[in-house]
Every structure is written in structure tokens, then in C-alpha cells.
Amino acid sequence: MSKKRRTERAGGGAVSKNTAAATAPRETAGKAAGARDVLKALGLGIAGGILLGLVAGILGALLGGAGLSSGLEAAKDALLFVAALMLFVLAGMLLLKGKKGERPLADMEGWRRHFAVIGPKSVLGAMAAGVVIAAIAVDYLQFALR
């Protein structure tokens, strides 16, 4: 038996080239899945923000009286309000982490089907960032139309 093989069997620090090559794709796949999860949550936040912005903008334009400008202002205000609420809930989740044990999700398999790597707190934070991005887009549109 070679010296390298003996240290591997004994649990030593030597790692064969085959073992190192086999673990590299898993690490890369984990990073890619994490990035994909964050982009998916960010996309959900932007899509939800656009939907909320459209509803609030239409209501603001109809009820505000000033037309498009009041609709854009109402959409921006609604988006920033929802983003603030999401961040408030996220802060509460982060503060309570050490105080008492979190119970696991009831349907963890279902969660992992949609988000393979990141957890609920990361998803909520990315979705809040997506809503803020939608609010920034509405604010820019409001600025460009003045």
C-alpha cells in the first residue's frame, strides 16, 4: 500500500486528486443554487412590487384627482410602506432568533423545492429589496415625467 493511500484510510490530511475533483462541482453547484435562489426571491419581490404598484397607482389616479401624478405618488407610497413592513417583520425574525427556538417549517420539502439553499429570512430580505427596487423605478418614472 502506498503512503498516500495509508494516510487516507487512517483519516489523515492527504486527499487524492479524485476526491478533490469530486467535491469541486458540488461546491460550485451550491453557490449557483444559492445565487439562483436569491435571484428568484428578488424576482418575486419585483413582480409583487409591480403588481402592488399597478393596483395602488390605479386607485391613486382614480381617487386622487390629479391624474397620473397622484397615481404614481400613491404607488410609490404603497410600495415603500409594504417594504418597510417586510423589513420590520424581518428585524423581528432576526431579533427572536436567539431568544427562543424557531420551530421548523411544516413543509420543509416544499420549501426546498422552491428555494434549495436559502431560508425564509433571506427570502424575505430579498423580496423586500425587490419591492424597494420597484419603488425606485416608480420614483424615477415620477421624476422623469415632471
Side-chain angles (χ1 to χ4, degrees), residues 7-146:
T7 52
E8 283 179 10
R9 286 192 176 179
V15 177
S16 69
K17 291 179 183 176
N18 293 338
T19 306
T23 58
R26 277 187 270 166
E27 291 172 1
T28 306
K31 289 179 183 177
R36 187 174 50 245
D37 284 353
V38 170
L39 288 176
K40 185 188 296 186
L42 192 63
L44 285 171
I46 292 173
I50 289 171
L51 185 65
L52 175 69
L54 284 174
V55 170
I58 290 171
L59 286 174
L62 291 177
L63 302 175
L68 183 63
S69 63
S70 65
L72 289 174
E73 187 68 32
K76 182 180 72 170
D77 290 345
L79 288 170
L80 290 174
F81 182 72
V82 168
L85 287 177
M86 291 172 76
L87 291 173
F88 186 73
V89 170
L90 178 64
M93 290 170 70
L94 292 173
L95 282 174
L96 290 179
K97 182 180 180 187
K99 304 293 183 206
K100 56 183 174 182
E102 295 178 6
R103 55 188 176 122
L105 293 174
D107 187 19
M108 192 54 130
E109 288 180 20
W111 179 266
R112 290 295 170 212
R113 196 173 353 171
H114 296 288
F115 300 103
V117 177
I118 61 177
K121 294 178 192 124
S122 301
V123 169
L124 185 62
M127 288 179 72
V131 172
V132 169
I133 289 171
I136 290 170
V138 170
D139 189 45
Y140 179 76
L141 183 63
Q142 187 180 17
F143 177 74
L145 292 177
R146 284 188 185 173

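Values below: every heavy atom of this structure, side chains too, minus hydrogens, waters and symmetry copies. This chain uses plain numbering: 1 for the first residue, then up along the sequence.
Electrostatic pairing of Glu73 and Lys76 counts as a salt bridge here, judged by a charged N lying under 4.0 Å from a carboxylate O.
Between Leu79 atom CG and Asp139 atom CG the span is 10.5 Å, to the nearest 0.5 Å.
Minimum interatomic distance between Val117 and Gly34 (heavy atoms only, all atoms of both residues): CG2-N, 3.8 Å. The nearest pair of heavy atoms linking Val138 to Ala75 is CG1-CB, 4.2 Å. The two residues Gln142 and Ser69 make their nearest non-hydrogen contact at NE2-O, 4.1 Å. Between Trp111 and Ile118, the shortest heavy-atom contact is NE1-O, 3.2 Å.
Side-chain contact between Val132 and Ile136 is present, with at least one heavy-atom pair separated by less than 4.5 Å. When side chains are defined from C-beta on, Val131 does not count as touching Met127, because their heavy atoms never get closer than 4.5 Å.
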Would you be so kind as to tabulate the donor-acceptor pairs closer than 3.5 Å made by side chains of residues 42-64, with sequence neighbours excluded?
none

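Between the side chain of Lys121 and the backbone N or O of Leu94 there is no donor-acceptor pair closer than 3.5 Å.
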task: Carefully, step by step, assess Val89 and Leu85 under the rule side chain to side chain contact (heavy atoms under 4.5 Å, CB included).
output: CA-CA 6 Å; Val89 170; Leu85 287 177; 5.7 Å; no

